[in-house]
Colleague: 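Just dropping this structure here.
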2 protein chains.
Amino acid sequence: MAVTIKDVAKKANVSISTVSRVLSDSPKISEKTKKHVRKVIEELGYHTNLNARSLVQQTTKTIGVVMKHSESEAIHTTFIPEVLRGISYICNKYEYSIRLSTGESEENLFQDVLKMVNGKQVDGVLVLYSKKDDPVVDYLIQSQIPFVILGKPTKDVNKISYVDNDNIHAAMEATQYLIKLGHKRIAFIGDDNKYEVTNARLSGFQQSLQANQVEVCNEYIRNINYSYEEGMRVIRELMSLPEPPTAMVLTDDLNALIVLSSLSKIGLRVPEDVSVICFNNSTISRVSNPRLTSVDIQIFQLGYEAAKTVIEQINEPNTLKKSLIIPTKIIERESCKTMIS
Amino acid sequence: MAVTIKDVAKKANVSISTVSRVLSDSPKISEKTKKHVRKVIEELGYHTNLNARSLVQQTTKTIGVVMKHSESEAIHTTFIPEVLRGISYICNKYEYSIRLSTGESEENLFQDVLKMVNGKQVDGVLVLYSKKDDPVVDYLIQSQIPFVILGKPTKDVNKISYVDNDNIHAAMEATQYLIKLGHKRIAFIGDDNKYEVTNARLSGFQQSLQANQVEVCNEYIRNINYSYEEGMRVIRELMSLPEPPTAMVLTDDLNALIVLSSLSKIGLRVPEDVSVICFNNSTISRVSNPRLTSVDIQIFQLGYEAAKTVIEQINEPNTLKKSLIIPTKIIERESCKTMIS
DNA sequence: TTGTACGCGTTATCAA
DNA sequence: TTGATAACGCGTACAA
């Protein structure tokens, strides 16, 4: 059995409470006994049992991080490690720990969340996605636990704190960027439209076209879900249309990589034959061939602010729900070109 | 305050212990009272406080997962989400939770680990990397907590359970593969050589050359650490050598992507001018242009088995330390070609 | 400034 | 088949 506060007390010839007070550096304890007790703590190699502390303090100093469920292989490869970095940065700073909740299926994930909040294992929760009719979010609202969504809530917006980009606006800008280059036949290739991000970006795309009196052509709106084969097929179809697109906006740079390859396979060059702009600006954008012009959504910052907001909500539970929009920025590289008409 | 077992007991007119027994579905309780108590539990919305349970049972049913520290931006992008998938799969299956330990700096990470194992917040630990003189591992050994390394330990091999590929062998095979295609001037481009993987792969590379009486040329051994600029520089240098390499083995496919771009920039084609084989076989390998011949190290499986081993060690602490080697396989795609001499 | 005693929410042992 | 009660390890009023 591990060494407890009792053992320290006994060996130091003081009471348990004294030890406890030394641990929390209470000002009511003389420097002398502090020194003494600390020495004993050192000698015995004592460490406080965080479970016991949680039990009495009714707080865990840990947040639950809920990822997309992973039954599909398409965990957003470029996204996860980077948000995790942002989240970790804050958690380290505020001395919070992270409990990770993945889950094979949606049901599985839900149970996992249920368990950790019902089981009082976390003080707050950070949900890394947003989608319609998510039981997880419904439950979190009802449970009253502080939580924030990384993404735009699909409902109950005023009951939920969230951190997000303005994806509609960002997509408008991206589309606008292509239009300014003279493109009129612009395709939109999304990924998993179960999630709100994709929908928001599509919406922005469409709005931008309309705002610029460019005809929105439904044939140009496609979806490849991180599948190479699907990408090949879609690109082939798109480019063999009577009026093939001259530019494309992609919702993720991994998908953009697929499109780059597909285009190359059928002998088309980027940006000479078709311009490509994508979202996320992950490492992939920076190293592909050609390097991709990409909308930087500031993934690290997203994680950083989201985690920070969770902790704020924990510490001031009655504060208003807050929403934070992280700015985006188009990083120009080599994949877009003026349309010569 | 949340509803506790006491509240249930009171409302159901039974003792606390009866409720507890119902909770664990003890056979000593009559079906009748079980039904009754369960109904009350339902009505009150009672949920077990897992901290309290951990306290008395001296077990947490959670494992700590230690990632590389993240001060560098180069969290191995392609690796993390996929191992996490494997780990999650097992954790869900065995009803374990995951506590994630990242950390800005090495020191930071170390403190994090210290806290979670000293604080009795985890039953076991999974370290997702291996490197020399790692204080984390030293501490884990000394602390007696069950743990496993995903990677090859640098020392104390018989005190440590680990799951790994045979990276030396895998690198030999990859190199051999190029040699069989007729290549003699083969470069090796690694990534962060702080970690054991890179070293093992380099070693295998060198051994293979020697075994095949191919001269090992130190100028051919390089290191680009997920840096595009560095990649450009190295490739330029390499290819302007009097005798430039005709083939390369890369330790990661993200780096391979950089090399692909660099090569293209200076007008060299893959595989016509230089063959490229890489490790990890992530999505990137499958979608790049050309698609990369890659050593599949089975990342999911790695995570799966590692997590499983941790749980086994937890449940049978006195069993021998076990090491598991996950087989690798070269996935042939488009980036290698016979050398025409 | 320090000690006593109780409570946090469970599980487990021993009686009944 | 059920109930009291003692742990588990810690924090904290209250008392001294």
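Lettering of chains follows the sequences in order, A, B, ..., and the numbering in each one begins at 1.
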Colleague: Heavy-atom contacts under 4.0 Å between residues 21-35 of chain A and DNA chain C, which residues?
Modeller: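 Within residues 21-35 of chain A, the residues near DNA chain C are A:Arg21, A:Lys28, A:Ile29, A:Ser30, A:Thr33.
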Colleague: Contact class for B:Ile16 (heavy atom, under 4.0 Å): base, sugar-phosphate, or nothing?
Modeller: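 Base, at least one base atom sits under 4.0 Å.
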Colleague: Can you sort out the partners of A:Glu312 under side-chain contact (heavy atoms from CB on, under 4.5 Å), two or more places apart, ordered by chain and number?
Modeller: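 Result, side-chain contact (heavy atoms from CB on, under 4.5 Å) vs A:Glu312: A:Lys308, A:Lys322.
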Colleague: Using only heavy-atom distances, determine whether the side chains of A:Thr59 and A:Asp123 contain a donor-acceptor pair under 3.5 Å.
Modeller: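 A pair is found: one side chain offers a donor N or O, the other an acceptor, under 3.5 Å apart.
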Colleague: The criterion is side-chain contact (heavy atoms from CB on, under 4.5 Å); which residues satisfy it with A:Lys11, sequence neighbours excluded?
Modeller: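 Counting only residues at least two positions away or on another chain, A:Lys11 forms a side-chain contact (heavy atoms from CB on, under 4.5 Å) with A:Val40, A:Glu43, A:Leu44.
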Colleague: When all nucleic acid strands are considered with a 4.0 Å heavy-atom cut-off, which category describes A:Ser54: base, sugar-phosphate, or nothing?
Modeller: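 Counting heavy atoms under 4.0 Å across all strands, no contact is made by A:Ser54.
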Colleague: With a 4.0 Å cutoff (strictly under), does any side-chain N or O of A:Ser20 reach OP1 or OP2 of D:dG11?
Modeller: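 Looking at the OP1 and OP2 atoms of D:dG11, one of them is under 4.0 Å from a side-chain N or O of A:Ser20.
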Colleague: Using whole Å, report how far CG of A:Leu55 lies from C1' of D:dC8.
Modeller: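 In whole Å, D:dC8 C1' lies 9 Å from A:Leu55 CG.
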Colleague: Is there a donor and acceptor pair, one atom on the side chain of B:Ser17 and one on the base of D:dA4, closer than 3.5 Å?
Modeller: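 Result: at least one qualifying N/O pair found.
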Colleague: Listed by chain and number, what are the side-chain contact (heavy atoms from CB on, under 4.5 Å) partners of A:Asp133, not counting sequence neighbours?
Modeller: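 Residues passing side-chain contact (heavy atoms from CB on, under 4.5 Å) with A:Asp133: none at all.
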Colleague: What pairs of donor and acceptor atoms, side-chain ones from residues 13-21 of chain A against any protein atom, are under 3.5 angstrom apart with sequence neighbours left out?
Modeller:
residue	atom	partner	partner atom	Å
A:Ser15	OG	A:Ser17	N	3.4
A:Ser15	OG	A:Ser17	OG	3.0
A:Ser15	OG	A:Thr18	N	3.3
A:Ser15	OG	A:Thr18	OG1	3.1

Colleague: Measure CG/A:Asn49 against C1'/C:dG9 and give the value in whole Å, please.
Modeller: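 Answer to the nearest Å: 14 Å.
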Colleague: Would you say D:dG11 has OP1 or OP2 under 4.0 Å from some side-chain N or O of A:Arg53?
Modeller: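 Yes, within the criterion.
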Colleague: Which part of the nucleic acid does A:Val14 contact within heavy-atom distance under 4.0 Å: base, sugar-phosphate only, or nothing?
Modeller: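 Since only primed, P, OP1 and OP2 atoms lie under 4.0 Å of A:Val14, the category is sugar-phosphate.
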Colleague: Would you say that more than 12 heavy atoms from the other residues, nucleotides or ligands in this model lie under 6.0 Å from the OH of B:Tyr89, or not?
Modeller: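 Count not over threshold, so no.
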Colleague: Bend angle of the helix from C:dT1-D:dA16 to C:dA16-D:dT1 from five-pair axes at both ends, rounded to 10°?
Modeller: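 Nearest ten degrees gives 40° for this helix.
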Colleague: Does anything in residues 129-157 of chain B form a ring pair (Phe, Tyr, Trp, His ring centres under 6.0 Å)? List the pairs, not counting sequence neighbours.
Modeller: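 Applying ring pair (Phe, Tyr, Trp, His ring centres under 6.0 Å) to every pair that reaches into residues 129-157 of chain B, excluding sequence neighbours, yields B:Tyr129-B:Tyr195.
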Colleague: Would you indicate whether B:Lys115, at its atom NZ, is surrounded by more than 12 heavy atoms from other residues, nucleotides or ligands within a distance under 6.0 Å?
Modeller: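 For B:Lys115, atom NZ is crowded (more than 12 foreign heavy atoms under 6.0 Å).
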Colleague: Closer than 4.0 Å, any side-chain N/O of B:Thr4 to the OP1 or OP2 of C:dG9?
Modeller: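 It does not, given that no N or O in the side chain of B:Thr4 lies less than 4.0 Å from OP1 or OP2 of C:dG9.
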Colleague: Under 4.0 Å between a side-chain N/O of B:Thr18 and OP1 or OP2 of D:dG3, yes or no?
Modeller: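 Affirmative; the distance criterion is met.
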Colleague: Is the phosphate of D:dG9 approached by B:Gln58 (side-chain N or O, under 4.0 Å from OP1 or OP2)?
Modeller: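 B:Gln58 to D:dG9 OP1/OP2: side-chain N or O found under 4.0 Å.
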Colleague: List in chain and number order the residues that pass side chain to side chain donor-acceptor pair (under 3.5 Å) with B:Asn158, two or more places apart in sequence or in another chain; answer none if no residue qualifies.
Modeller: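 With neighbours one apart ignored, the set is empty.
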Colleague: With a non-hydrogen cut-off below 4.0 angstrom, is B:Lys6 in contact with a base, only sugar-phosphate, or nothing?
Modeller: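 Sugar-phosphate contact only - B:Lys6 comes under 4.0 Å of backbone atoms but never of a base.
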Colleague: Take the protein atom CD1 of A:Ile41 and the nucleotide atom P of D:dG9, then report the distance between them rounded to whole Å.
Modeller: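 My rounded result for the distance is 16 Å.
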Colleague: How many whole angstroms separate atom NZ of B:Lys10 from atom P of D:dG3?
Modeller: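 Value for this atom pair: 15 Å.
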Colleague: D:dG9 P sits how many Å from A:Asp7 CG, rounded?
Modeller: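 Nearest whole value for this atom pair: 9 Å.
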Colleague: Would you please confirm or rule out a distance under 4.0 Å between OP1 or OP2 of D:dA7 and any side-chain N or O of B:Gln57?
Modeller: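 False: B:Gln57 side-chain N/O out of range (4.0 Å or more) of D:dA7 OP1/OP2.
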Colleague: State which residues pass ring pair (Phe, Tyr, Trp, His ring centres under 6.0 Å) with A:Tyr162; sequence neighbours excluded, sorted by chain then number.
Modeller: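 Testing A:Tyr162 for ring pair (Phe, Tyr, Trp, His ring centres under 6.0 Å), a comparison that skips the adjacent residues, returns none.
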